[in-house]
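Everything numeric in this text was worked out from a predicted model, so none of it was measured.
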Amino acid sequence: LATAPRQQPAVLHSRALAQPAALRNRALATAVRQKPGPTPEKAGPSRPTPEKAGPSRKFHPKAVTGMLMQAKDLEALLSICDRQRALEPIHVSAFWISLCRLEPRGVAASVLDGEALRALRLATLNQLPHMNPWSLANVCYALAQLRVGADRPAWDGIWELAAQVLAEKADELAPQGISNVAWAFVSQELHAPATFERLAASALRRLEEPASRDDFTAQALATVAWAFASFHTPSHGTAAERRERSLLSFPAPLFDALRDRAVALLREAEGADAKRREELREAAHVFNMQDLAQVAWAFAVVGRADASLFELVERAALPQLDVALQPGARERTGARQNISNLAWAFAAADVGGDTLFGGASPFVPRVVASLALDDESARESQLHRSQLHVWNLWREERGAGWPGLPPEFAADCLESFGVDGPDRESLFQAEVRQTLEALLEAPLEEEVRTPQGMLLDLVATVGGVKVSFEVD
């Protein structure tokens, strides 16, 4: 898993997919960590900002939230907090959300961990148990946006306490709150199985209740699917955490409910006239390219790809391919990631594709034109090309008559796919190799790269036939 929440590409290891035919069975080895774009829940209208006062003036607690939300910089935020005798839970939430608004690209670690924010860190720890559900969700969202991970000594205990409180209040969270919390914990690679079990139950209950089902926007639905798929991938977390998580029950009913809701929204938008479609857009019930990529990736990675869902996804995605060429490097990077994630998801799921990739589809021209622009990091470029190489292998394996990648570009994708390899042989693999060599009475080749870019752990020649062994 990639670690940053902001539009990070998939970390795709060449050995993750042993053969194209087994893509859907090996999909769990790859994960996408991109910023799903959840938005903080609104606290309702705030009062107008009072006139400026001297440092000694105290403001009424009900006015402080509005002042924090309208502050112009970090200094103003801290000044408002300094004037208060005590910060209430809603003030703590408003502070962190406002800091995210003011610093969308993040805050330096020296500032987040420094003395200037020490009082706010302590206030956050003290007030977490007393926060209402939406304030709690907003604090988690904001801290994840600011990249406050569990490994920061200055923030010791903050996420553990948040997980405990959320496990108790998960039933009270609205769909947007569930989305924000799930995204926050996964984006920071936090291990909180009890919290996720309660979140899954809460999300399922709200999806099953007609009164709250409509509160699941396209974005919230996509984020929840992405977060739970990421949490249940074997590559997420430490070895001990993976073992513990493997004992958890996979939330199959939740994914069935998410699929049904996604299918319903996509069908309604597809058959709507212009007026109704605008109404759906205003209600945030229309999937954009990022939402579609997240949904497809989530269902592919957990092995629950549904043909009807993927057919709707590709029909909805086709008119949106032009976003890959929108102006601005940051926007293009996000669009490239969405398109490469979408291509990988269809390959991993091994379903559909004729509408999105075949015939006169602009998929290949758009992808090649966008990735040819030299305005992204080498790492981002390598990861996007790696995913497209998997898609190209799938296209060749299916014998589909879709337009393929140009030879030179396909060669670049193959080269990118083969970049990531093992740092060293594991002890377990060494034991297997030694045992096989003793049984076969012949040396084995290690880490053999196939012409398709796949990396094989061990290769032996048995009776004139080469046989590969996957160990780790």
Side-chain angles (χ1 to χ4, degrees), residues 1 16 22-33 36 163 166-167 170-171 173-175 177-183 185-186 190-210 212-237 241-267 287 291-313 341 344-352:
L1 294 172
L23 282 173
R24 58 188 177 276
N25 299 324
R26 301 292 297 276
L28 295 177
T30 304
V32 179
R33 181 59 47 77
L166 283 164
D171 290 342
L173 287 170
I178 296 171
S179 166
N180 286 357
V181 169
W183 173 80
F185 273 73
V186 172
L190 301 168
H191 182 64
T195 301
F196 268 83
E197 284 188 322
R198 294 296 302 275
L199 288 174
S202 179
L204 177 60
R205 178 176 59 81
R206 292 195 174 273
L207 283 165
E208 291 177 340
E209 293 177 353
S212 59
R213 188 180 301 139
D214 285 347
D215 294 336
F216 262 95
T217 64
Q219 183 189 72
L221 189 151
T223 302
V224 169
W226 169 85
F228 277 90
S230 299
F231 182 76
H232 285 275
T233 54
S235 58
H236 178 67
E241 291 171 350
R242 291 196 300 270
R243 283 194 297 272
E244 181 181 353
R245 198 165 52 251
S246 69
L247 301 176
L248 300 176
S249 297
F250 177 77
L254 172 60
F255 274 85
D256 290 342
L258 289 169
R259 176 204 61 210
D260 293 344
R261 176 62 176 161
V263 167
L265 288 178
L266 286 166
R267 281 178 176 164
F287 289 81
D291 300 331
L292 294 169
Q294 284 182 304
V295 167
W297 177 86
F299 281 87
V301 90
V302 299
R304 301 184 70 84
D306 179 82
S308 59
L309 172 61
F310 274 71
E311 288 173 5
L312 288 163
V313 166
N341 288 348
W344 180 91
F346 273 84
D350 192 23
V351 294

Got a second to check how far [X]'s [atom1] is from [Y]'s [atom2], nearest 0.5 Å?
X      : Y      : atom1 : atom2 : answer
Gln294 : Leu221 : CD    : CG    : 10.0 Å
Leu312 : Leu265 : CG    : CG    : 10.5 Å
Leu292 : Asn341 : CG    : CG    : 12.0 Å
Asp215 : Ile178 : CG    : CD1   : 10.0 Å

In the structure I gave you, are the side-chain heavy atoms of [X] and [Y] within less than 4.5 Å of one another anywhere?
X      : Y      : value
Trp226 : Val186 : yes
Phe299 : Asp306 : no
Leu254 : Leu207 : yes
Phe228 : Leu258 : no

Quick one: does any side-chain atom of [X] pair with a main-chain N or O of [Y] as donor and acceptor, under 3.5 Å?
X      : Y      : answer
Arg205 : Asp171 : yes
Thr195 : Leu166 : no
Arg213 : Arg261 : no

Stepwise, does the side chain to side chain contact (heavy atoms under 4.5 Å, CB included) test hold for Leu248 with Phe196? CA-CA 10 Å; Leu248 300 176; Phe196 268 83; over 6 Å; no
If I compare all heavy atoms of [X] with all of [Y], which pair ends up nearest, and what's the gap?
X      : Y      : value
Val351 : Phe346 : O-CD2, 3.2 Å
Leu173 : Ser202 : O-OG, 4.0 Å
Ala345 : Ala300 : O-CB, 3.5 Å
Ala167 : Arg198 : O-NH1, 2.6 Å
Ala220 : Pro175 : CB-O, 4.4 Å
Leu309 : Arg259 : CD2-CG, 4.2 Å

| said: For a ring-ring contact (aromatic ring centres under 6.0 Å, His included) check, start with the C-alpha distance between Phe231 and Phe185, then their side-chain angles and the critical distance, and finish with the verdict. | reply: CA-CA 9 Å; Phe231 182 76; Phe185 273 73; 9.3 Å; no
Inset, instruction - Using the side chain to side chain contact (heavy atoms under 4.5 Å, CB included) rule, take His232 and Phe255 through it: C-alpha gap first, then chi angles, then the decisive distance, then the call. - result: CA-CA 12 Å; His232 285 275; Phe255 274 85; 5.7 Å; no
